[in-house]
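What follows is a short report on a single structure.
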Protein chains: 2
Amino acid sequence: MAKGDGLKPIRDPLGSGTGIDFAVIELLFFAYRDFTSDPDKILAGYGFGRAHHRVVHFVNRMPGLTVAELLDVLKITKQSLARVLKQLIDTGHIVQVQGPRDRRQRELYPTEKGRALALELAAPQSRRIGRALAGGGAADRTAVEHFLKAMVNPELRAQVDKLPHDGGGGEGL
Amino acid sequence: MAKGDGLKPIRDPLGSGTGIDFAVIELLFFAYRDFTSDPDKILAGYGFGRAHHRVVHFVNRMPGLTVAELLDVLKITKQSLARVLKQLIDTGHIVQVQGPRDRRQRELYPTEKGRALALELAAPQSRRIGRALAGGGAADRTAVEHFLKAMVNPELRAQVDKLPHDGGGGEGL
DNA sequence: AATTTATGTCAGCCTTGTTGACTTATTTTC
DNA sequence: GAAAATAAGTCAACAAGGCTGACATAAATT
């Protein structure tokens with residue numbers, strides 16, 4: 001060792017001339033980190049983690065979805081889901097109902113407590129988004145939504161579209 | 001238990017009337033998940049994880065930064081950093097140089113191997129971003145950048161600005 | 001000379017993901 | 001109606017990547 005080893009320190013910053021969009025890569029990293037920090041603080045108070053957040057969120061947005069459907073949305077294994085789901089059921093945030101047509105299935109629904117938690121977690125995230133979009137016009141919001149959707153793998157965009165579209169709302173009139 | 005318990009399943013989807021921006025909340029979740037899936041696959045081939053990616057990335061973007069500065073960017077503990085940093089040094093991706101003025105400090109630099117890895121990991125992410133921005137004009141790109149930057153905690157925006165600004169590049173002319 | 005600072009290291013813990021194997025209840029298929 | 005497939009639950013073991021606390025070393029500062 002120690003001949004023409006490629007172990008010499010490179011001193012110029014990576015960037016120029018590569019044609020790579022480092023600006024947006026880094027903005028996504030920092031933006032997402034701070035975006036998730038809001039609910040993380042709240043969750044810690046309940047003894048929950050980010051995994052609980054995702055389950056509570058999607059059960060509230062798609063009430064009655066089955067365990068298999070939830071696994072498909074989250075892209076995790078059922079053993080991984082089982083742990084956090086059990087806690088959320090034990091703490092009364094989520095209830096299971098036997099599927100009406102197929103009794104092997106368990107439909108997942110939020111309780112009032114679970115709905116309240118979902119709202120509490122979403123509120124600061126929505127406020128952050130609201131501030132970030134403030135000042136821009138409708139075209140800016142459209143551009144951001146279009147960009148984020150286009151970042152999702154094409155096969156998975158169907159899932160995004162399956163979620164409720166928030167007809168009535170806050171900003172309308 | 002089992003009186004007026006709040007354990008009744010709630011059957012209507014959370015959304016309308018709350019004034020909460022669920023659309024963008026969910027788009028950020030899905031977009032970021034797929035955004036990180038590209039490098040994750042490559043990293044697995046090296047026996048590395050997402051933590052290694054972040055270290056390699058920032059050492060390449062800010063060559064010569066000290067361990068303390070890196071900890072500040074990543075917002076993790078030094079024990080947490082130590083593990084992945086040691087591996088990256090042992091595999092010849094990063095080298096440490098004793099600080100010139102303060103010899104307690106260790107300046108971190110990428111090797112040629114480390115630079116190549118950073119590029120390999122950034123390439124698919126940049127391609128994904130390029131596709132997501134394609135079709136839109138310069139105003140759309142500006143809107144997206146402004147949005148993402150505004151999502152970052154104000155105290156931390158200084159760090160974002162410290163990174164190289166990619167003067168010459170791919171898309172210019 | 002004493003203290004503070006930058007870094008490294010040891011040990012143990014937690015969360016959240018993984019794989020593999022196996023059980024039970026129910027539905028579907030032949 | 002028996003056999004096979006499916007939905008869900010569970011046990012065990014493991015890994016990555018965070019965390020805290022404690023302590024060691026070298027170098028700079030006071």
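Below, all heavy atoms of this structure are taken into account, side chains as well, without hydrogens, waters or symmetry copies. Proteins get letters first, then strands, A, B, ... in listed order; numbering begins at 1 in each.
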Between D:dT10 (P) and A:L71 (CG): distance, integer Å: 14 Å
Of A:A82 and A:R104, whose nearest nucleotide on DNA chain D comes first from the 5' end? A:R104
Is any side-chain heavy atom of A:D140 closer than 4.5 Å to a side-chain heavy atom of A:L133? no
Want to settle it: does B:R106 or A:R103 sit nearer the 5' end of DNA chain C, counting the closest nucleotide to each? B:R106
Do A:Q159 and A:D72 have side chains that get closer than 4.5 Å, going by heavy atoms? yes
B:Q98 CD to D:dA27 C1', straight-line distance once rounded to whole Å: 9 Å
Does B:I20 reach the side chain of B:I25, with side-chain heavy atoms less than 4.5 Å apart? yes
Could you go through nucleotides 12-18 of chain D and list every protein N or O atom that sits under 3.5 Å from one of its N or O atoms, giving the distance for each pair?
unit_1	atom_1	unit_2	atom_2	d
D:dG17	OP1	B:R50	N	3.0
D:dG18	OP1	B:R54	NH2	2.1
D:dG18	N7	B:R83	NH2	2.4
D:dG18	O6	B:R83	NH1	3.3

A side-chain contact here means heavy atoms from C-beta on lying under 4.5 Å apart; do A:Y109 and A:V97 qualify? yes
Would you indicate whether the side-chain heavy atoms of A:R141 and B:D21 approach each other to under 4.5 Å? yes
Answer whether the closest heavy-atom distance between the side chains of A:L121 and A:H57 falls below 4.5 Å. no
Once you apply a heavy-atom cut-off of 4.0 Å, does A:E69 come out as touching a base, just sugar-phosphate, or nothing? nothing
Could you state the atom-to-atom distance from NZ of A:K78 to P of D:dT10 in whole Å? 11 Å
Footprint ends on DNA chain C, 5' to 3', for atoms under 4.0 angstrom from a heavy atom of chain B, come out as C:dT5 to C:dC10
Report yes if some heavy atom in the side chain of B:V59 is under 4.5 Å from a heavy atom in the side chain of B:L65; otherwise report no. yes
Could you tell me the separation between the CG atom of A:L70 and the C1' atom of D:dG9, rounded to a whole number of Å? 15 Å
Separation of D:dA8 atom P from A:I94 atom CD1, nearest Å, is 14 Å
Do A:Q96 and A:L108 have side chains that approach each other closer than 4.5 Å (heavy atoms only, starting at C-beta)? yes
Would you mind classifying the nucleic acid contact of B:K86 as base, sugar-phosphate or nothing, using non-hydrogen atoms under 4.0 angstrom? nothing
Determine whether the aromatic ring centres of B:F48 and B:H93 lie less than 6.0 Å apart. yes
